[in-house]
Amino acid sequence: MHASKGEGKKDSMAEPKSLTLHAGVRMRRESFGGIIFDTTSGTMIEVDREAYQMLCNLRDADPSASVIQTLRELGFLEEGSPPLPDFPGDLSADWPTDISLSAPETVHWAITYRCNADCVDCYAKRNKGGCMELGTAQAARLIKLLADWGVFQLAIGGGEPLLRGDLAEIAGLAKEQGLVTHVTTGDHSAALEALPSLAQSVASLHLGLKFQQLLAEPSKELKNLREFVTAVHNAGLATGVNLPLCNMVIKHFDELIFYLAQAGFKRIILLCYKPPFSEARWRAENPTGAILKEFETQLAATIRNHSDIAFRVDCALSFMQRSLTPQQAAEHGIRGCVAASRIISLGPDATVYPCSQLTHPDMAAGNLLIDSPEEVWRNATRIKKYRSFRQKKAFKHSYCGICRAKDQCGGCRVFSDDALGGDPGCPEPMLPGLTELGPIGRRLDLENYLTGNSCIFVEDYMLRYGVGQAKAIKELRAEGLLTADGDNGRKKGSLYFARNTISEIIEMIGSTPGGVPFVSREEVAAWLEEEDSHNYPAWIKRKRWRD
């Protein structure tokens with residue numbers, strides 16, 4: 001039983017006369033047992049079948065003392081005897097057999113693509129073309145569908161969600177249906193105006209930081225941010241700030257964190273920099289793997305210096321927690337990419353996508369106001385595809401696919417050219433030892449090896465990867481490498497030469513009259529690595545997207 005979020009509550013361990021689940025708890029049966037969600041604290045835990053049934057029959061059961069103590073500490077149990085809430089499902093019925101969840105834990109809804117700002121790093125600009133928004137009545141129907149389906153949380157964003165005049169009404173309907181609602185805005189002034197109407201129905205109000213303005217006019221922006229934090233706290237809501245890790249933010253990171261601490265923020269969510277609408281902006285601001293690797297050290301120091309601030313990273317930055325053991329990751333609720341397995345995203349018209357970034361028309365999986373939510377979740381091709389991306393060839397044949405942290409990370413699909421394979425942005429995959437690599441790992445490592453070396457002997461290949469002569473020759477031939485003139489390549493001493501881009505570039509640039517190349521292999525490899533890091537994902541550049 002692991003808590004995935006929230007801090008829980010502690011009380012005296014004196015033996016109570018009776019215990020019951022408090023009224024804010026929601027439960028959902030799953031194949032392994034069930035999910036228990038506390039709507040008042042945001043704490044979510046997974047329990048086995050025995051614990052789930054014990055909770056449903058708490059009054060008549062004789063539960064384990066250790067389970068009771070844990071649940072009391074987390075705030076799921078309290079003393080008293082109010083009526084037990086109704087739980088979905090009949091305890092006498094069979095447990096679900098599908099190992100995937102019966103419904104998403106959280107639904108992200110871009111309630112509108114409209115926005116009154118023109119942020120240079122905005123990726124939602126790609127979505128603006130002609131998408132219908134739901135009216136209030138349609139939104140109410142959608143919310144009822146989500147609640148009946150068993151969804152626990154609704155994250156509302158955009159565009160700018162505060163441009164919806166009925167946002168407070170929609171959030172109120174969600175609360176009535178038992179959904180915990182979170183809103184993210186980029187407009188702190190509009191947020192202050194809307195706060196009185198939102199305060200009774202929204203659990204948190206997060207701010208997307210306009211960091212350029214904060215760096216340009218810190219005194220003015222600090223005043224605005226302090227006003228925002230104070231007002232949200234006084235309204236009894238949680239708050240935090242979203243900070244995308246582009247080159248400018250990384251360069252000024254310590255300065256920005258200092259300002260945010262001065263403003264009173266106690267929660268900072270670091271977002272992986274996503275491809276904006278402008279490819280030129282992407283090339284200028286997308287950090288290389290080397291920059292991200294250096295930033296990891298900087299971030300660790302920043303966390304130590306600001307112990308009163310809770311730093312979180314989005315799932316696309318899960319590689320920053322790749323050193324955790326699988327057990328540690330599970331205990332902290334870290335699962336890497338959860339697109340289509342624990343979350344889905346909705347467009348303004350209720351079109352379903354695997355996540356809020358994969359909103360290309362080719363990624364659409366149905367519409368919740370037209371199609372059965374259960375049918376979309378279970379059988380839509382796109383949802384099934386992303387739910388099982390770790391089993392797909394494109395992923396397995398990438399560094400993410402052989403990384404030891406693939407189950408708790410796996411990278412982000414957004415950055416792969418096909419939106420399915422490995423994430424080229426991870427600065428340092430946790431790879432097995434060279435002699436533990438399988439065929440895929442050896443192919444990837446050889447490709448990297450040949451960026452710094454123009455050739456490799458069969459014997460060196462055998463020693464490097466711990467394989468026999470026959471396998472070494474077969475794999476070298478499969479890579480299309482060339483042997484020396486007159487050598488059939490079937491001896492330990494055979495030398496296989498790389499036919500690669502680096503050699504071609506060096507030859508193209510030329511050499512001095514003395515035959516010394518103007519550039520080294522290492523320099524060309526560094527250029528190519530930097531160029532690769534700026535590649536705008538091919539799936540985003542498809543013509544259908546731009547039309």
Side-chain angles (χ1 to χ4, degrees), residues 110 113-131 157-160 184 186-187 208-217 221 242-253 255-256 270-295 314 316-317 319 347 353 355-363 411-427 501 505 508-509 519 523-547:
Y113 285 148
R114 290 179 289 136
C115 187
N116 48 12
D118 189 26
C119 301
V120 292
D121 294 304
C122 179
Y123 53 81
K125 291 179 183 179
R126 296 194 298 265
N127 305 325
K128 283 189 175 181
C131 184
E160 175 48 66
T184 298
D187 190 339
L209 184 68
K210 292 183 171 62
F211 56 87
Q212 297 95 336
Q213 294 181 16
L214 181 56
L215 291 171
E217 301 179 284
E221 286 302 304
N242 296 344
L243 188 59
L245 291 180
C246 61
N247 283 331
M248 181 182 291
V249 166
I250 291 175
K251 180 180 179 181
H252 298 280
F253 187 71
E255 182 182 357
L256 287 167
L270 304 179
L271 307 178
C272 190
Y273 186 61
K274 309 301 192 306
F277 184 76
S278 166
E279 290 185 41
R281 178 68 178 177
W282 171 252
R283 294 178 66 84
E285 288 296 330
N286 181 42
T288 64
I291 290 174
L292 287 174
K293 186 174 179 180
E294 184 177 346
F295 175 74
D314 73 357
L317 291 172
F319 61 77
Y353 301 99
C355 86
S356 57
Q357 297 293 324
L358 298 173
T359 52
H360 189 284
D362 288 347
M363 309 295 180
C412 179
R413 310 285 67 74
V414 174
F415 305 102
S416 171
D417 275 352
D418 62 358
L420 191 66
D423 181 350
C426 177
T501 306
I505 292 175
M508 185 184 304
I509 294 176
V519 294
E523 288 175 306
V524 176
W527 296 344
L528 293 175
E529 180 182 358
E530 182 176 359
E531 181 64 23
D532 285 344
S533 72
H534 292 307
N535 283 347
Y536 200 72
W539 68 269
I540 296 179
K541 293 195 289 187
R542 291 176 189 159
K543 185 176 185 298
R544 180 179 174 186
W545 178 271
R546 297 294 188 181
D547 288 344

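- Looking only at side-chain heavy atoms (C-beta outward), Phe211 and Pro244 come within less than 4.5 Å of each other.
- Cys122 SG to Arg281 CZ: the interatomic distance, rounded to the nearest 0.5 Å, is 12.0 Å.
- Looking at heavy atoms from C-beta onward, Val414 lies in side-chain contact with Pro275 at the 4.5 angstrom threshold.
- In this structure, CG on Leu209 lies 6.0 Å from CG on Leu243, to the nearest 0.5 angstrom.
- Using modelled atom types, no side-chain atom of Tyr536 and backbone atom of Ala280 make a donor-acceptor pair closer than 3.5 Å.
- Separating the NE2 atom in His252 from the CD atom in Gln212 is a distance of 10.5 Å, to the nearest 0.5 Å.
- Contact annotation: the side chain of Leu270 approaches that of Phe253 to within less than 4.5 Å [non-hydrogen atoms, C-beta and beyond].
- Considering only heavy atoms from C-beta on, Trp539 comes within 4.5 Å of Leu358 through its side chain.
- The aromatic rings of Trp282 and Phe415 lie parallel to each other, their planes meeting at an angle below 30°, with 60° marking the opposite boundary.
- Surrounding CD of Glu255 are more than 12 heavy atoms belonging to other residues, nucleotides or ligands, all under 6.0 Å away.
- When all heavy atoms of Gly186 and Glu160 are compared, the closest pair comes out as N-OE1, 3.0 Å.
- In this structure, Leu245 and Pro287 approach most closely via the heavy-atom pair O-CG, 3.5 Å.
- Screening Asp121, Asn286, Asn247 against Tyr273 for a side chain to side chain donor-acceptor pair (under 3.5 Å) leaves a single residue, Asp121.
- Contact detail for Pro424 and Ser416: the closest heavy-atom pair is CD-N, 4.4 Å.
- In terms of modelled atom types and a separation under 3.5 Å, the side chain of Arg413 and the main chain of Ala419 share no donor-acceptor contact.
- Contact between Gly347 and Tyr113 at its shortest, heavy atoms only, is CA-OH, 3.9 Å.
- The closest donor-acceptor contact from the side chain of Asp314 to the backbone of Leu271 lies at 3.5 Å or more, if one exists at all.
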As a quick check of understanding, evaluate side chain to side chain contact (heavy atoms under 4.5 Å, CB included) for Val120 and Glu285, giving each step before the final call. CA-CA 10 Å; Val120 292; Glu285 288 296 330; over 6 Å; no
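- Atom NZ of Lys210 and atom CD of Glu221 lie 9.0 Å apart (nearest 0.5 Å).
- Rounded to the nearest 0.5 angstrom, Ile540 CD1 and Thr359 OG1 are separated by 8.5 Å.
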